Amino acid sequence: KTSKMQYYNNPMWPGEAHSLKVEKILYQGKSPYQEILVFESSTYGNVLVLDGIVQLTDKDECAYQEMVTHLPLCSIPSPKNVLVVGGGDGGVLREIARHDSVETIDICEIDQLVIDVCKEFFPNLSIGYKDPRVRLHVGDAVDFLRNSPEGKYDAIIVDSSDPIGPAQALVEKPFFQTIARALKSGGVLCNLAESMWLHTHLIQDMLAICRQTFKGAVHYAWTSVPTYPSGVIGFLLCAKEGRPVNFLTPVNPIEKIQGATKAGKELRFYNSEVCAMSFVALAAFPFQRLRP
Ligand code: AAT
């Protein structure tokens, strides 16, 4: 029922839209937080859409989930306690489970309906919930982090939606402060950080907040995800002071983790070279150069 004008009027990317051919609508519903749509596309497999925005597709989810997970987890020697914010589909859980050193995986997703719908239509992602280390918390991540013990996590991965709707508070300074508090010294954060083509100012604001909040290191990485607006997505990598962290050269490379890339469960996108490449600064978007 959405009109053409609405498609070109999303305030996050005014004047543009990306289209995928729909073969079949698989699910349409409304939770207390958002509108949820799942359809089968002709070229990208099943697609999850929240409030009119593509969150993932079977074809290119690997790029996003592998990067958002392994960029932080490979940057610390032996991650044990990990928290996922958002990520109700389970794809990030699936990727964290590749790390043998991990003992607990907490996930705080606001919307139970996203979890249920993904269990039905995205079995390759929701398989992440089958790992016995996973503990699911359904609720707002802002409250969850406010109440979480100080210094609990080695890594926090913020896999949340765009900052309009339930994820609005997740780009503001108080939220980053609660993340820093919940991290161990030398712990790391990987936060979804939008497109450098579309959200230059938002990224600069988030970088400024993070540079005040995380004294270890703050870096911007980006990768290609064809079904996200402008075809790229960025990540903010932040380290709490306490141990030197070099995000560009993994101290815990995925290639050396036993069982991480077992036959039949190979990674499809991330490796240590892709990691190094993702931090390369572009002349037009010199996010890394603001502070060495
Ligand atoms: N891995 C798929 C990618 C996502 S899903 C983002 C998830 O964050 C959604 O399931 C949403 O319900 C959840 N979420 C949003 N706000 C909160 C909150 N305050 N607390 C907990 N969970 C939340 C992201 C795709 C990015 C799209 C880029 N354009």
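Remember, it's 1-based here, ligands and their atoms both numbered in the order they're listed. All values below come from the heavy atoms of this structure, side chains included, with hydrogens, waters and symmetry mates left out. If you're wondering where the values come from, they're calculated on a predicted model, not measured in any experiment.
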Participant: Give a yes or no on whether the ring-centroid distance for F235 and Y220 is below 6.0 angstrom.
Facilitator: no

Participant: For residues D159 and Y64, is any side-chain donor paired with an opposing acceptor at under 3.5 Å?
Facilitator: yes

Participant: Would you mind listing each N/O atom of ligand 1 next to any protein N/O under 3.5 Å, plus the distance?
Facilitator:
residue, atom, partner, partner atom, Å
ligand 1, 1 (N), Q65, OE1, 3.4
ligand 1, 1 (N), D89, OD2, 2.8
ligand 1, 1 (N), D159, OD1, 3.3
ligand 1, 1 (N), D159, OD2, 2.9
ligand 1, 10 (O), E109, OE1, 2.7
ligand 1, 10 (O), E109, OE2, 3.3
ligand 1, 12 (O), Q34, NE2, 2.9
ligand 1, 12 (O), E109, OE2, 2.6
ligand 1, 16 (N), P166, O, 3.4
ligand 1, 19 (N), D140, OD1, 3.0
ligand 1, 19 (N), P166, O, 3.0
ligand 1, 20 (N), A141, N, 3.0
ligand 1, 22 (N), I110, N, 3.2
ligand 1, 29 (N), D162, OD1, 3.2
ligand 1, 29 (N), D162, OD2, 3.0

Participant: Count the heavy atoms belonging to other residues, nucleotides or ligands that lie under 6.0 Å from CD of E266, then report whether that count exceeds 12.
Facilitator: yes

Participant: With a 6.0 Å cut-off on ring centres, are W197 and F285 close enough?
Facilitator: yes

Participant: Taking salt bridge (charged side-chain N to carboxylate O under 4.0 Å, His left out) as the cut-off, I'd like each qualifying pair that reaches into residues 167-188, sequence neighbours left out, listed once.
Facilitator: D154-K184

Participant: Write down the atom of F176, the atom of N191, and the distance for their closest heavy-atom approach.
Facilitator: CE2-OD1, 3.5 Å

